[in-house]
2 protein chains.
Amino acid sequence: MAKSPSKPITEHLAYLLAQANREINRQLDARFRKEGVPVEQWRILKVLSDGKGHSMGELAEAVLLNHPTLTKMVDRMVSDALVYRVQDAEDRRKVLMFSSDRGKALTQRLNSLALSQEAFIAENYGNKATADLKRLLESLIEKAN
Amino acid sequence: MAKSPSKPITEHLAYLLAQANREINRQLDARFRKEGVPVEQWRILKVLSDGKGHSMGELAEAVLLNHPTLTKMVDRMVSDALVYRVQDAEDRRKVLMFSSDRGKALTQRLNSLALSQEAFIAENYGNKATADLKRLLESLIEKAN
DNA sequence: TGGAAAATATTGAATATTCAACGATTCCCG
DNA sequence: CGGGAATCGTTGAATATTCAATATTTTCCA
């Protein structure tokens, strides 16, 4: 008996997610290009924009980076004077991260670039589709954990 | 006037996609662990499983890798005797990639691991939600290009 | 209380990815 | 036809990420 052809890669959820993620990220990166900031740094800055200190562990989780990668990215951001570290007085194993004024100013510029991308997507793709997609993704993430 | 708080990172489509992609990929990687193969190699093998030769450019596009990264990954796979290169006789700039027998056998094992993951997701997340999500992702990708 | 175990962040070495430049081949048009 | 431009894949250097090991501090319980 001949072997039945397997489902093409393009029909796998994992592949569709990778493809969509890559494309959207690429577009966002293109918008961020003029600020010379990778998407991950925007995420970090955005999380820190509440002004509260966030530990490296918290941050790593929130910005989808593992610990060593985050440490090194934060090193670069400290060099660029975007963020700074403060040892946590409550638990001295922890380091609390804060955004500098320069970081906050950059965050605002990046936020508006990101919002303009979202607006562009909603326009081309439809408000309902966008909302549906977000809802389904949230629910998938929730189930997956 | 106080600055209005910006939309949290978790409400951005780009972030939701990154998060979902990361989680699903992580799960798939965990299943592939026993074969010691990264997800990208499964994609390559899967594309090559039609038995036709695929050029590096075609492959790079299909498996979401840029050219130099693919070249080096293919180098490793050639070392592992999973795939092999043949110069295209029609256009000698091109290299056609093929899966070896060993590669094909591995592909089948990986396919069944991937299918079992898909089944698991459909079960926990719902068949309708899964189908809807796939459809929305396909449509987003189409619009984004 | 004392000390083993756990949690937190960083480091250094190994590995992988990316960017820019290159070599080879084919295309195209004057 | 001839030769500049485009296409295709690879390479090497620079950069980034990951894994395992480490140092520090806190927690827990015997």
Side-chain angles (χ1 to χ4, degrees), chain A residues 18 21-23 25-30 32-34 36-44 47-48 52-80 82-98, chain B residues 18 21-23 25-30 32-34 36-44 47-48 52-80 82-98:
Chain A
N21 180 48
R22 186 169 117 122
E23 192 51 38
N25 249 288
R26 187 177 275 174
Q27 288 178 10
L28 193 54
D29 247 326
F32 286 178
R33 187 102 57 232
K34 71 170 171 188
V37 176
V39 172
E40 288 79 10
Q41 292 197 12
W42 171 57
R43 292 198 202 125
I44 293 171
V47 170
L48 298 187
K52 303 183 186 109
H54 292 265
S55 74
M56 292 294 282
E58 249 176 69
L59 250 190
E61 183 64 25
V63 305
L64 316 176
L65 254 30
N66 53 23
H67 288 221
T69 303
L70 178 64
T71 291
K72 284 153 192 171
M73 184 160 287
V74 162
D75 286 348
R76 281 170 247 148
M77 295 175 78
V78 169
S79 298
D80 294 342
L82 296 172
V83 299
Y84 58 93
R85 290 183 233 242
V86 175
Q87 190 181 47
D88 186 346
E90 313 273 310
D91 181 341
R92 290 182 350 234
R93 288 170 303 183
K94 293 186 182 172
V95 169
L96 299 181
M97 297 303 312
F98 292 89
Chain B
N21 180 49
R22 187 168 116 122
E23 191 52 38
N25 248 286
R26 188 178 276 173
Q27 288 178 11
L28 193 53
D29 247 326
F32 286 178
R33 185 102 57 232
K34 72 170 170 189
V37 176
V39 171
E40 289 79 11
Q41 294 198 9
W42 170 59
R43 293 198 202 124
I44 293 171
V47 170
L48 298 186
K52 305 182 185 108
H54 292 265
S55 72
M56 292 295 282
E58 248 177 68
L59 249 192
E61 183 64 24
V63 305
L64 316 176
L65 253 31
N66 53 23
H67 289 221
T69 303
L70 177 63
T71 291
K72 284 153 193 173
M73 184 160 286
V74 163
D75 287 347
R76 279 169 249 149
M77 294 175 78
V78 169
S79 298
D80 293 343
L82 297 173
V83 299
Y84 58 94
R85 288 183 236 243
V86 176
Q87 191 181 46
D88 186 346
E90 313 272 312
D91 182 341
R92 288 177 357 228
R93 288 170 303 183
K94 293 187 183 172
V95 169
L96 298 181
M97 297 303 312
F98 291 89

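Order of the sequence lines sets the chain letters (A, B, ...), proteins ahead of strands, with each chain counted from 1. As the structure is a computational prediction, the values presented were derived from the model and not from experiment.
- Checking D/dA20, C/dT25, C/dT18 against every side-chain atom of B/Pro68, the shortest atom distance belongs to C/dT18.
- Taking only side-chain atoms of B/Thr71, from C-beta outward, the nucleotide of C/dA20, D/dG9, C/dA9 with the closest atom is D/dG9.
- Under the 30°/60° scheme for interplanar angles, the aromatic rings of B/Phe98 and B/Tyr84 are found to lie parallel.
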Passes side-chain contact (heavy atoms from CB on, under 4.5 Å), A/Gln87 versus A/Lys94? Steps please. CA-CA 6 Å; A/Gln87 190 181 47; A/Lys94 293 186 182 172; over 6 Å; no
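- If you take OH of A/Tyr84 and P of C/dA9, they are 17 Å apart, rounded to a whole angstrom.
- Within the structure, a side-chain polar atom (N or O) of A/Arg85 is placed less than 4.0 Å from OP1 or OP2 of C/dT10.
- Between B/Ser55 and D/dC8, a side-chain N or O to OP1/OP2 separation shorter than 4.0 Å is absent.
- When the P atom of D/dT11 is taken as reference, atom NE2 of B/His67 falls 15 Å away, rounded to whole Å.
- For A/Glu61, the CD atom is loosely surrounded, since the number of other residues' heavy atoms within 6.0 Å does not exceed 12.
- Comparing D/dG9, C/dT17, C/dA7 by their closest approach to the side chain of A/Arg93 singles out C/dA7.
- Taking atom CG of A/Leu70 as the reference point, atom P of D/dT18 lies 12 Å away to the nearest angstrom.
- Relative to the side chain of A/Lys94, the nucleotides D/dG9, C/dA9, C/dT18 differ in distance, and C/dA9 lies closest.
- In this structure, B/Arg26 atom CZ and D/dT18 atom P are separated by 10 Å, rounded to whole Å.
- For the pair A/Gln41 CD and D/dT15 P, the computed distance is 15 Å after rounding to whole Å.
- Distance, B/Glu90 CD to D/dG9 C1': 18 Å, rounded to whole Å.
- Nearest nucleotide to the side chain of B/Asp75, out of D/dT18, D/dT11, C/dT11: D/dT11.
- Between the side chain of A/Lys72 and the base of D/dT18 there is at least one donor-acceptor pair of N/O atoms closer than 3.5 Å.
- Note that the CG atom of B/Leu82 and the CZ atom of B/Arg76 stand 12.0 Å from one another [nearest 0.5 Å].
- Between the CG atom of B/Leu64 and the P atom of C/dT17 there is a distance of 13 Å, given to the nearest Å.
- We find that CG of B/Asp88 is positioned 15 Å from C1' of C/dC27, with the value rounded to whole Å.
- Atom CG of A/Leu59 is separated from atom NE2 of A/His67 by 10.0 Å, given to the nearest 0.5 angstrom.
- Position along DNA chain D of the nearest nucleotide to B/Leu96 versus A/Leu65 favours B/Leu96 as the more 5'-ward residue.
- Summary of the strand contacts: B/Gly57 and A/Glu40 both lie near DNA chain D, and taking for each the nucleotide with the nearest heavy atom, the more 5' one is attributed to B/Gly57.
- At D/dT27, none of the side-chain N or O atoms of A/Arg92 fall inside 4.0 Å of OP1 or OP2 (strictly under the cut-off).
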